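What follows is a set of notes on a single structure, which appears directly below.
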Amino acid sequence: MSTTHSLGFPRIGNKRQLKRALEQYWQGDITQSELEQTGKKLRAEHWRLQQQAGIDLVPVGDFAFYDHILNTSLLFGVVPKRHQSADGKIDFDCQFRIGRGRAPTGPAAAASDMTKWFNTNYHYLVPEFDAEQQFQLSDLSLFQQIDEAKALGLHFKLVLPGPVTYLHCGKVAEGVDKLSLLPALLNGYQQLLDALNAAGVQWLQLDEPVLALELSPAWQKAIQTSYRSLQKGQLKLLLASYFGDISGYLPQLVDLPLDGIHLDLSAEPCDLAAADLLIPPHFVLSAGIINGRNIWRGDLTKAYQQLKPLFDRRGDKLWLGTSCSLLHCPVDLTLEQQLQPQVKSWFAFARQKCEELKLLQQALQNGDTQAITSYCLPLKDRKNSTLVHNSAVQQACERAKAEKADRTLPFAKRIKLQQQQLQLPLLPTTTIGSFPQSSDIRKLRLDLKAGRISEQQYQQQIEQQIAKAITLQEQLGLDVLVHGEAERNDMVEYFGEQLQGYVFSQFGWVQSYGSRCVKPPIIIGDISRSADMTVSWTSYAQSLTQKPVKGMLTGPVTMLAWSFPREDLSRADIALQLSLALADEVKALEQAGIQIIQIDEPAFREGLPLKQSQWQQYLDWAVDAFKRCSSKVQHSTQIHTHMCYSEFNDIIAAIAAMDADVITIETSRSNMELLGAFEDFAYPNQIGPGVYDIHSPNVPQLDWIKQLINKAAGKLPLQQLWVNPDCGLKTRSWQEAEAALAQMVQACRELRQELA
Ligand code: GLN
Ligand code: ZN
C-alpha cells in the first residue's frame, strides 16, 4: 500500500484565524498564551483535517507563527545581533522583532529583509549570517509540536528546510563566502538529527528546492557534502525537491545515503520513467503528483496512468504526494458559497487535494478506476464549456501573433512629438498612481457591495476623492497628474472583476508574509473586455485640470503573475489574451483624449523562471505581451510603465525592448545604486528613478532628494530624467503624502534653477 502525504499545509486557517490572532496579539488585545493556544488549535485542526481527507503521513514542523524559514533560524540560534537579548535566550517575541522590527516585548530594531520564496508569492525572512556564524540547537519549540503530534497519536513526518536550501536563502556580509559556513551549519543539523532520533521521530523530510535551480558546481557539491556527512541514525530521510525538474542531478542524488526522494511532477515536464529507473528500489519514490501551487481539480485519470507502472513495480515504496507544500494554495473549497456550482466543480483547494491523493491511492490499490473516472467528469465538462472558450478571443490571438508588436516610430522621433504636445519642463514631476486609500474608501466599497449605498452615491463619493487628489496635485505643482486610483480595491482584482474569463473566491486566501494574505483572482477561461474599465474615472480627472492626467492600467504580465492561471493554456497565451484586452482599454483612453498612459508591471521580474537557461524564452513572450497592449497608439501618446524593485542589471535589455517612453522604478532605498545598470547599458528611453521611499511615513529631506536627483543626473542625461516617488501612495495618509510630495516638487524646482 503506497503512502499518501502532503509536503506541508497552510497554517493561516480556513478563515484566516491565525492572521486575526497575530494582529490581536501585536495590538495587545490577546496574551501570548492565547496566541499560542490558537496556534496549537490550528495545528491540531489541520492534522485532523488532513487525516480525515486520507493523508497517511501528516507533516509536523510546517507550522509557523510568522515564517518557517525564520523558525529554522531560531531553531539554530541564528539571530541578528540587533535582535539578541541580553541573556542570549530566544523568547517568543524574537520572531516578531526579526519579522516586523517590533513586538509587544523587547527592543525594536530594523526587521530582517524579506524576499520571495523561489518563484512563489510567499515571502520569507532572509537569514542573516555573520562571518563566524555558529549554528547550535537553540529554540526547541519544534519539539513541543512533535509532542503534540505524538499525544494525538498521529502518524507523522517532520518537515524542515534542508541545509543547502537554508544556507542558499541567507545572506552574508560582503566578501564572505556563504559556503564557508556549511560545516558549521551541518554541525547544527547533526545536533538536530540526534535530538530527533532521541525523540523517536521516524521520518524527516528535508526540503531542498534549490535543486530546481541551475546550481553552480560548488553548490552541487554542497548537496553531496551535506547528505554524505549527516549521520541519520534510525531516522529515515526523504529528500524533497520541488518547483522544478531535477533530472540533471538525479544520478548524483541516488548514490546518497537517503531513504527517499520526492519529485515535483507538475512544475515542469519530467521524465518519470527515467527517474524511476534511476532511483534505487529500496528508496521511496515520492511522486508529487497533485499540484500544490494552483487551485484546479487534479486529472486523476492521467495521474493513474502515469503512476500505475511505478506502483506495480514499487508498491509501498511509491508515495503519493502534493507537488510542494500546500502553503501556496487556499485551504478549503467547501466554504465557497458564491461560485457557480459548475465552476466550483473544476477546483480543488488544499483539503480537496488531500482527498485526491486518497482517491488515487485507492484506485492504484484496487486497480479500480471507477471512482477517479467519475471524479474527473467535471474536467470533461470544462473542456467544452462556453465559460472557458471564446472563439473570437482565440482568433484575435492568432491574428495578433502574425502581426508585429512594435511602435511604428522609433523613440527618438516620437518623444519629440510627445514633447510638442505635452510641453513638460525639464525634470518633469509625477507620481506612480495611487493616492491614499483611507478606510472610508474601503468602507464605501463594502457599503456598495452590501447595498447600503447606491451605485450613484458610490460614484459621487469616488469622484470627490478624485477631485481631492487633482486639487492637491495642482496645488503642489506636479507636472503630470494621476486620478489617484480611489476606485480600486487592488490593482489586479479591479481589472479582473471587469474582464470575462476571471472568477473570484470568498475565502481563497494564501499567505504572502507574516499575517498578510492575498486572494488571487482565478483565470478560468479566455479573457475579453466588454466595456471600458478606467475611462470614465480618468476622463473625469482630466476634466478638472489643464495638466495632463496619466491613465493607469495594470499590465498583462502582472495580471497573470498575481492570479491563479488556467493550466490548459500556456502562460504566454494567457498573457497575450490579457494584453489584447488591455490594448482595447489603451485605445479607449486615447480616444477619450488621454495623452499619457501608464501600464504597471511590478511583477515583471518575478515571473522569471528558476532556471536561468529558460529566462530568454520568458522574456520574449513577456516583453511581447507588454508591447502588444502599448504599441497600437499614436506617436504622440506617451506610454509609461512602472516596476517597483531594484534588480535590473540582468534583464535590462528586455526592459529596454519593452520600449515604454518612460519607466519609473524603485531606486531611493538603494541610493540610486541600480542606475548603474542603466549607465552601462545606455538605456535609450526616459527614466523616473524614485527619489523617496513611500514605504516610510517619514517626510524626506530636501537635501536628500536633491542629492539623489543629482546622483541620477550624474549617470544619465538630464533630458532623460523624471522625478517621482518610488511607488504608489495608497498606504500613506494624505498628510504624509502631501508633505513628502511638497518636498519633492520643491527639490525639483530648486534644481531646475540651479541647472539653468
Ligand atoms: N499604480 C500602482 C499604484 O500606484 C502601482 C502599484 C505597484 O507598483 N505595486 O498603486
Ligand atoms: Zn511600485
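What you are looking at is a predicted structure, and each value in this text was computed from that prediction instead of being measured. Indexing begins at 1, ligand by ligand and atom by atom, following the structure's order.
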Given side chains that start at C-beta, do those of W117 and C169 come closer than 4.5 Å, heavy atoms only?
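Answer yes - side chains close enough.
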Is the shortest side-chain heavy-atom distance between S505 and F564 below 4.5 Å?
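Not in contact.
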Just how far is it from atom OG of S512 to atom CD1 of I12, taken to the nearest 0.5 Å?
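Interatomic distance, S512 OG to I12 CD1, rounded to 0.5 Å: 10.5 Å.
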Distance in Å, K449 NZ paired with N489 CG, rounded so as to fall on 0.5 Å steps
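So the NZ of K449 and the CG of N489 are separated by 6.5 Å.
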For [atom], find the nearest protein heavy atom and state the residue, atom name and distance (0.1 Å precision).
atom	result
atom 6 (C) of ligand 1	M491 SD, 3.6 Å
atom 2 (C) of ligand 1	D600 OD2, 3.3 Å
atom 10 (O) of ligand 1	S434 OG, 2.7 Å

Which value, rounded to 10°, describes the SG(C644)-the Zn ion (ligand 2)-NE2(H642) angle?
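My answer is 120°, to the nearest 10°.
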Numbering the atoms of ligand 1 from 1, which are under 4.0 Å from a heavy atom of [X]?
X	value
C727	7 (C), 8 (O)
G433	4 (O)
C644	7 (C), 8 (O), 9 (N)
M552	1 (N)
G728	3 (C), 4 (O), 10 (O)

Would you mind telling me which of T664, T430, V691, L741 makes a side-chain contact (heavy atoms from CB on, under 4.5 Å) with P725?
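That would be L741.
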Which residue is it: T641, V586, D600? I am looking for the one with a side-chain contact (heavy atoms from CB on, under 4.5 Å) to L553.
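Answer after filtering T641, V586, D600: V586.
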Can you list the steps and then say if F678 with F648 is a ring pair (Phe, Tyr, Trp, His ring centres under 6.0 Å)?
CA-CA 8 Å; F678 290 82; F648 280 103; 5.6 Å; yes
Considering distance alone, does some N or O of Q598 sit under 3.5 Å from an N or O of ligand 1?
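Min N/O separation from ligand 1 is not below 3.5 Å for Q598.
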Any N or O of I432 that comes nearer than 3.5 Å to an N or O of ligand 1?
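Indeed, backbone or side chain, I432 has an N or O that close.
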Check step by step if ring pair (Phe, Tyr, Trp, His ring centres under 6.0 Å) holds for F118 and H328.
CA-CA 12 Å; F118 294 83; H328 312 290; 9.9 Å; no
